[in-house]
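See structure below.
It should be emphasised that the depicted structure is a prediction, and the values quoted were computed from it without experimental measurement. Each ligand, and each atom within it, is numbered from 1 in the order the structure gives. Note that these values count all heavy atoms, side chains included, but never hydrogens, waters or copies made by symmetry.
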Amino acid sequence: KRSIRVAIAGNPNVGKTAIMNALAGTTEKVGNWPGVTVQKKVGKYNFRGVDVELIDLPGIYSLTSYTLEERVARSFLLKGDYDVVMNVIDVTLLGRNLYLTLELLEMGIKPVLVLNKADELENFSVDSKALERILKLPVVTVSALKRKGLEELSETLLRVATGGLKPEGITPTYSEDLENAIELLSMKIERLITEKNFPYNLRWFVIKLLEKDPEVTEEAKEQLKLPQSIFREIEKIEEFIKERHRCDLPSYIARERFNLASQIARKVIKSIREIPKERI
Ligand code: GDP
Ligand code: K
Ligand code: MG
């Protein structure tokens, strides 16, 4: 391959723009994302004879479809017009940032994880090798500010984009109640769809239906014409979850993801001194 496209996903303020500038020198504005007022920026550079194009997605905390930024980022990620996704993480807020990583994995995306702001680590360190093993994704620790780790980052992006390195990526799994619900609904929907009109990862689609995601729910009703029985099933599942866990289904799923993200963070954070709770 002579050129590769890298989509940059991450929470706001994790250093996406800083990394683009550090890698590419400058970024250029290429207008707005389609249909919205969110600005689109790209950065271009050459690494070992390969033209690399970096595409800055809007900063997002989650991949629901409630905000404009989320819809723009999500539709870009779903269309797949890139060779690799780099998921930039503020390493000082690892647990919170891994929430989005779990959502990317749910979509079937296997990103390169970039732990940025490594220069800010004072009271703890992060075992990036352990994180690699847990998520089965490549992890690169960098500091855009100090220009550290950039060579390894470019190298890793290139290897993944050209197929030399194939991240396995885990499928995040949650509580038994949630897993049972996902399985039940997946089985019912699988029988109703054909591959031709269904471009999504089924598990992701089912989780989004359970989350009452507006875009996915509308698509399920309008385009896929899933029968009423599916939506009645979702209501039944919600009743069950409400009774057992005393919260609505979307909040329950968010909580499960949040719990898994912080569990993983706790496993890989090595305390040098006592860690203030709010930083995890
Ligand atoms: P974006 O919203 O993800 O594009 O984040 P920005 O690139 O705008 O950076 C957000 C803030 O984090 C800015 O104040 C940057 O100066 C700071 N920042 C970015 N990278 C680093 C880094 O490696 N180390 C430190 N200490 N700060 C950084
Ligand atoms: K910013
Ligand atoms: Mg930015």
Side-chain angles (χ1 to χ4, degrees), residues 5-34 36-45 47 52-64 66-77 82 84-104 109 111-128 131 137-157 261 265 268-269 272-273 275-276 278-280:
R5 301 189 86 204
V6 181
I8 310 182
N11 291 10
N13 292 316
V14 295
K16 295 182 297 300
T17 301
I19 288 177
M20 279 180 87
N21 286 326
L23 288 173
T26 56
T27 56
E28 48 183 297
K29 299 182 179 82
V30 291
N32 292 337
W33 286 96
V36 298
T37 55
V38 183
Q39 212 171 56
K40 184 176 180 183
K41 275 184 270 172
V42 300
K44 291 176 182 169
Y45 68 109
F47 183 75
V52 183
E53 185 180 4
L54 305 169
I55 303 148
D56 194 16
L57 300 179
I60 45 170
Y61 293 101
S62 170
L63 283 165
T64 58
Y66 290 103
T67 70
L68 198 59
E69 285 77 8
E70 288 174 343
R71 286 198 294 277
V72 168
R74 188 165 103 176
S75 93
F76 186 88
L77 290 167
Y82 48 80
V84 57
V85 174
M86 114 158 115
N87 177 198
V88 181
I89 284 174
D90 178 342
V91 73
T92 68
L93 299 167
L94 184 64
R96 251 185 266 171
N97 278 236
L98 285 175
Y99 187 98
L100 181 66
T101 309
L102 293 178
E103 279 196 287
L104 290 170
I109 289 172
V112 171
L113 293 194
V114 183
L115 307 183
N116 189 35
K117 306 197 186 184
D119 58 281
E120 282 198 0
L121 290 180
E122 284 169 9
N123 302 315
F124 61 96
S125 65
V126 170
D127 185 345
S128 61
L131 189 58
L137 294 175
V139 178
V140 185
T141 305
V142 308
S143 163
L145 185 72
K146 307 273 186 205
R147 309 186 61 87
K148 291 258 170 69
L150 300 174
E151 179 91 4
E152 190 192 342
L153 174 55
S154 287
E155 172 104 52
T156 308
L157 292 172
V268 301
I269 289 174
I272 295 170
R273 290 201 296 271
I275 312 162
E278 70 275 9
R279 308 230 67 170
I280 312 173

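Using a 4.0 Å cut-off between heavy atoms, K16 contacts ligand 1 through both its backbone and its side chain. Residue contacts with ligand 1, taken as heavy atom pairs separated by less than 4.0 Å, involve D119 solely via side-chain atoms from C-beta onward. Under 4.0 Å from ligand 1, heavy atoms of V14 appear from its side chain as well as its backbone.
The closest donor-acceptor contact from the side chain of R74 to the backbone of L63 lies under 3.5 Å. The main-chain N or O of A9 is found under 3.5 Å from a side-chain atom of N87 such that the two form a donor-acceptor pair.
For ligand 1, the atoms lying closer than 4.0 Å to a non-hydrogen atom of A18 are 7 (O), 19 (C), 20 (N). Here is the list of ligand 1 atoms found below 4.0 Å of a heavy atom in G15: 1 (P), 3 (O), 5 (O), 6 (P), 7 (O), 9 (O), 19 (C).
Coordination check, T17 versus the Mg ion (ligand 3): passed, since an N/O/S atom of the residue sits under 2.8 Å.
Residues that satisfy the side chain to side chain contact (heavy atoms under 4.5 Å, CB included) test with A24, not counting sequence neighbours, are Y45, L54. For F76, the ring pair (Phe, Tyr, Trp, His ring centres under 6.0 Å) partners two or more places apart in sequence, or in a different chain, are W33, Y82.
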(request) Begin from the C-alpha positions of E152 and V142 and carry the test side-chain contact (heavy atoms from CB on, under 4.5 Å) through to its verdict. (result) CA-CA 9 Å; E152 190 192 342; V142 308; over 6 Å; no
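For ligand 1, one of its N or O atoms has an N or O atom of A144 under 3.5 Å away. Between V142 and ligand 1, a contact under 3.5 Å exists for no N or O pair.
A salt bridge between D56 and K16 is absent, with no side-chain N of the basic residue lying under 4.0 Å from a carboxylate O of the acidic one.
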